[in-house]
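This report concerns only the one structure given below.
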Number of protein chains: 2
Amino acid sequence: MRILDAAIASVRQKGYAATRVDEVASCAGVTKGGFFHHFSSKEEMAVAAAMRWSEVTGQLFEAAPYHLPDDPLDRVLAYIDFRRDIIGGQTDEFTCFAGTLAQETHLSAPTIRDAARASIFDHAQTLTADIEAAKSRSCPDADWTADSLALHTQAVLQGAFIIAKADGGPERARESVGHLRRYVELLFGRRPKSSAN
Amino acid sequence: MRILDAAIASVRQKGYAATRVDEVASCAGVTKGGFFHHFSSKEEMAVAAAMRWSEVTGQLFEAAPYHLPDDPLDRVLAYIDFRRDIIGGQTDEFTCFAGTLAQETHLSAPTIRDAARASIFDHAQTLTADIEAAKSRSCPDADWTADSLALHTQAVLQGAFIIAKADGGPERARESVGHLRRYVELLFGRRPKSSAN
DNA sequence: GAATACATACCAACCGGTTGGTATTTTTGT
DNA sequence: ACAAAAATACCAACCGGTTGGTATGTATTC
């Protein structure tokens with residue numbers, strides 16, 4: 001849906017409150033009247049956009065090459081490398097639509113927040129199986145859960161995005177993801193490879 | 001300044017774009033006319049608020065007890081514990097004004113973004129000396145810089161705040177800060193103490 | 001023929017900012 | 001020491017552009 005893609009692009013650039021339905025509509029090649037034929041309110045659009053975001057990113061990550069390694073820990077590390085590698089270019093090309101949405105609507109629009117929450121948490125969930133497998137192999141008695149580590153990866157990414165936005169560029173954000181990689185390596189007792197940070 | 005405190009509170013709750021100068025003014029006990037006597041625009045208010053935020057948080061952290069330990073690594077760990085302990089209650093009571101501001105204004109208002117950037121990066125900077133000291137003691141040849149680890153702590157915190165906002169509560173955010181603590185312990189070869197996560 | 005997918009035209013509320021004025025405090029001239 | 005002058009801190013009312021949303025009409029598709 002072109003309207004949702006335009007909405008996602010606008011929110012990533014300017015945030016939810018600052019995106020104008022007029023502009024979303026015209027970017028999608030529709031007038032405002034046409035927009036309100038598809039969505040009864042801006043809020044409904046945001047919820048739909050969050051679901052579309054889940055769908056689009058879901059396909060992107062499903063098709064990504066980080067699933068190839070045989071070892072589950074290697075897959076987790078490959079995921080982190082993949083996330084680090086796609087941080088680049090303009091800020092609005094790599095930051096997370098759902099995180100941005102959650103930040104602005106957490107108090108004012110619970111339906112939007114819930115949709116954003118689902119997008120983030122469901123994506124984190126896709127990592128837990130591999131983390132759990134790696135954990136039961138290398139450190140079954142560790143005092144942390146696969147679930148919490150999976151969500152932590154998302155927290156680091158969301159934080160890195162804010163650093164990138166504040167800094168005006170992706171370099172420092174990538175450094176943070178590098179620290180996340182080293183953390184996972186250390187957690188599972190793998191010798192960190194040297195990679196300047 | 002009452003106006004800046006009201007502005008900070010409003011931005012933390014609703015974000016920058018959604019805060020109305022009318023409301024900021026009346027929360028500060030002033031009319032809109034009075035507001036524009038002190039600030040020539042909403043943007044100027046945001047920049048001033050970011051500087052006040054730096055000042056207020058600067059004093060808070062300077063007076064905090066995490067500086068007491070003699071060992072620099074203990075101070076860094078105490079800092080992380082301190083940050084984790086103050087994550088609680090309502091979301092807008094513990095989240096970062098500067099991070100919220102940066103997210104919304106990174107493209108549209110460079111002056112605001114720069115002020116937010118300074119607030120975050122300068123605060124990170126207060127950690128580098130201790131991290132550097134701990135590093136040159138335990139792992140002088142490690143392939144990461146004190147500076148990047150300091151900024152990483154802020155990235156994790158900013159990310160934890162987004163998780164808290166999306167989740168509607170601080171528990172999962174605290175878990176992430178727990179992972180950050182474990183990372184620092186592992187980095188410096190200190191045996192992690194068991195603390196369920 | 002009726003549901004879909006739009007467009008045009010419009011509106012009421014809102015919002016950042018302005019204007020012109022008043023009360024109060026501070027500075028200055030003598 | 002004290003009044004004139006100037007700067008400060010505010011307010012009530014207003015302005016014009018913007019914004020989310022509506023009402024109504026029309027071409028296309030099934």
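Only heavy atoms go into these numbers, but all of them, side chains included; no hydrogens, no water, no symmetry mates. Below, read A as the first sequence line, B as the second, and so on, with proteins coming before strands; counting in each chain starts at 1. All values reported here derive from a predicted model rather than from experimental measurement.
- For the pair B/Ser148 (side chain) and B/Thr145 (backbone), a donor-acceptor distance under 3.5 Å is present.
- Looking at B/Arg75, its side chain does come within 3.5 Å of a backbone N or O of B/Asp70 through a donor-acceptor pair.
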Note to self: Between A/Arg83 and A/Tyr79, is the side chain to side chain donor-acceptor pair (under 3.5 Å) condition met? List the steps.
What the structure shows: CA-CA 6 Å; A/Arg83 294 306 304 260; A/Tyr79 167 78; 2.8 Å; yes

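- Residues from residues 5-29 of chain B lying near DNA chain C, meaning a heavy-atom separation below 4.0 Å, are B/Thr19, B/Arg20, B/Val21 in numerical order.
- Using a distance-only test at 3.5 Å, with no hydrogens or angles considered, a donor-acceptor pair links the side chain of A/Ser138 to the main chain of A/Ala134.
- A donor-acceptor pair under 3.5 Å is absent between the side-chain atoms of A/Lys135 and the main chain of A/Asp130, judged by distance alone.
- No donor-acceptor pair under 3.5 Å is formed between the side chain of B/Thr105 and the backbone N or O of B/Ser108.
- Under the 6.0 Å distance and 45° angle rule, A/Lys42 does not count as a cation-pi partner of A/Phe36.
- A heavy-atom distance below 4.0 Å to DNA chain C is reached by these residues of residues 32-47 of chain B, ordered by number: B/Lys32, B/Phe36, B/Ser41, B/Lys42.
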